[in-house]
Amino acid sequence: MKAQLSVEYYISLTIFIGFIVYISFQVMRISPQFITEVKNERLKSEAYQISELLINDVGELGKRAGLSSNENKTNLLSKGKIDAFNSSCNSNYENSRKLIGTDYYFSLNLVDSNGQTLINCNSPLTFMKPAKIAITRIVALNQTTFGELTLKLW
Amino acid sequence: MKAQVTMVEMIISVIVLFIAFTILFPGFLFKSRWDEALLLTKGRDTILTMERTNNLTQYSFNSDSFQKFINKISLLKNDTVIWTEIEDVVKSRVVIACNCTNDTIANMSYWIKDLKINNRSVTTSICYTNLEEKINPCISNIQYPDVLVIWGYKDLSQPKYLTLLKDFLNNGNGIVEIADLPTNVGNMQKQIFGITDCSNVVIPPTSCTSGTQDDSFIKPATIYNMTYQPFKDFYYTPFPVKAPEITITIPVEGAASPCTSATSYNKGNFTFRGSLISFWICNDSFVYFDSNSNNQADYVVKVRNSFNLSTYNFSLSYISNSSISISFRQTYNFINFLAGTTIVFPIDSNIDRIFLFTGYYTANYPIPVVILNGTFGKTAWVADFSRNGLNAVRDDQKQLLNSLILSVSNKKPKELTFGNTKIGYATSYLNVLNYDMFEIYRLNLGLGRPF
């Protein structure tokens, strides 16, 4: 009789296994979401950083992209740099990606307040799948006009 | 029975464990607050863009222009609630409640009409108020006006008036009292305006007699002096002098060349001290003055230029169709307008609170014509310059009143602008203006989401 297991033991074991399974499912459910959110955070952070660099960095010819005017004023872009970046991207997208310094695919669009497109730099993935993140910044183009710069990352 | 007890214990344990697990392993919730960060970024970008396009001042004070700017930004069109607030500067609309006659309100409205400071228009909403239960806010959605003007001496010593006025002042608003004061000034004068009878504080009391000299300003030594702001407002706020009369020509003499730029010209009178100087508006650049009072223009002044009349210095700040704005320049003195019966002094003997004075009771005791106070809020008492009728009030006295009203007015936003937003963030930006006078103001741009 001693060797027989009690009913309480079976019930306890069942409850214990139930909890283990519950916790395992919870971890399996939460973990991918958490990892996805962390990845999204990194993506958002990178999108913001790229937009900030494009707007407020004067850049370096052939080495680093930056659209800020040489007046060293935040949110004021240079028309010459805008045109240069647009033509550079349309002729060699990969080079532009290198100048921006990101591993993600990106697209960059700049439209002024009159609706005229000044930069239309599209990723090869533009028409294949929606972007993971998009950020739009309001920028001054000179001392009278302004526009909206939209950066998307894949 | 034993097994039943064990089962009950087990069930209880299971329940306890589930509750404990729910607490220890809460539901997965990842808050990135990315939307809020984007709102803040949008706010900062918007203000910086306003600044970079040289429109910050215009958008700060002109809601129509600001709205047009916002309408061009697709990013802010859809689900964003936007509001702006201006702080620490005279508001675009100053709300004034006046305990005075309708005639006085009409005159005051006319005097301050067309007021421009640093190239922005300042309008006024003036209404009547009694002081029995509450102060008339003049416009809806606010508790109090920016300024209360009490015109004429009132015995408001009862506690209910004091409570009302203290609450009004504690909310950041200001009071201007234009009155000749009797001997034995009341409790309100003492508490609210910080004024007492001269004989209570001045030594010796026998020296308390009325002054006869010209009224002069006590120049503030530092910006921390209470008199600094009204001093600045008097000398640097352009005063709008009206030119309601229409003439076909401008009669000229001496060095003044004829003005032929229009078929009719607006004419007005600039009155200060004992002088009445006629002027004609030639065009938006030149004003012709009749400095020798023979009804012929002999002195041509260009806008934004300084000029001199009757040995006093002025500056022509703006020209509009039917008025010109004149700034007084240092050093200006008034013909004394203190009534002989008003013999008072600051209750704390603080001479720094005396803004305008006419000679001295005795050494170091100036005879006050204007006394400022800041015990509960900003107040100003000025001797009644209108005792001979409102038509006898000169432009220099109107400018004095103007400077007192502007300096004590509430400079904090009052209207509820946050509205029904679920989340909202305000971005502040300090801007400096220096077209007419040096002003620093804070622009708060708020962006929010309604859901």
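In what follows, chains are A, B, ... by sequence order, proteins preceding strands, each numbered from 1. Side chains included, hydrogens not; waters and symmetry mates left out as well; all remaining heavy atoms used.
Of the possible polar contacts, one joining the Arg52(B) side chain to the Thr74(A) backbone as a donor-acceptor pair under 3.5 Å is found.
Taken to the nearest 0.5 Å, the NZ atom of Lys44(A) stands 13.0 Å off from the CZ atom of Arg33(B). One distance of note links CG of Leu48(B) with CZ of Phe146(A); it measures 14.0 Å at 0.5 Å rounding.
For Asn321(B), the CG atom sits in a loose shell: 12 or fewer heavy atoms of surrounding residues, nucleotides or ligands are nearer than 6.0 Å. The environment of Lys81(A) atom NZ is dense: over 12 non-hydrogen atoms of other residues, nucleotides or ligands sit within 6.0 angstrom. The local environment of CZ in Arg64(A) is crowded, with over 12 non-hydrogen atoms from other residues, nucleotides or ligands closer than 6.0 Å. Within a 6.0 Å sphere centred on CG of Leu61(A), other residues, nucleotides and ligands contribute 12 heavy atoms or fewer. Residue Lys132(A) qualifies as open at atom NZ: its count of foreign heavy atoms under 6.0 Å is 12 or below. Within a 6.0 Å sphere centred on CZ of Phe19(A), heavy atoms belonging to other residues, nucleotides or ligands number more than 12.
Of the two parts of Leu75(B), the backbone and the side chain both hold a non-hydrogen atom closer than 4.5 Å to a non-hydrogen atom of chain A. If you measure heavy-atom distances from Ser13(B) to chain A, you find no contacts under 4.5 Å at all. Contact annotation for Leu149(A): neither backbone nor side-chain heavy atoms come within less than 4.5 Å of a heavy atom of chain B. For chain B, the nearby part of Glu41(A) is the side chain; its heavy atoms alone come within less than 4.5 Å. Residue contact with chain B, scored on non-hydrogen atoms closer than 4.5 Å, is absent for Asn40(A). Contacts of Thr41(B) with chain A are made by side-chain atoms alone, with heavy-atom separations under 4.5 Å and no backbone atom involved. In this structure, the portion of Thr145(A) lying under 4.5 Å from any heavy atom of chain B is its backbone and not its side chain. Only the side chain of Glu52(A) comes within contact range of chain B, with at least one heavy atom under 4.5 Å from a heavy atom of that chain.
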Problem set entry | Full working for side-chain contact (heavy atoms from CB on, under 4.5 Å) between Ile135(A) and Trp34(B) | CA-CA 11 Å; Ile135(A) 183 169; Trp34(B) 174 247; 4.2 Å; yes
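Considering every non-hydrogen atom in both Asn75(A) and Thr49(B), the closest pair reads ND2-OG1, 4.3 Å. Taking both residues in full, the closest heavy atoms of Ser113(A) and Lys72(B) are given as CB-CD, 4.1 Å, listed atom of the first, atom of the second, then distance.
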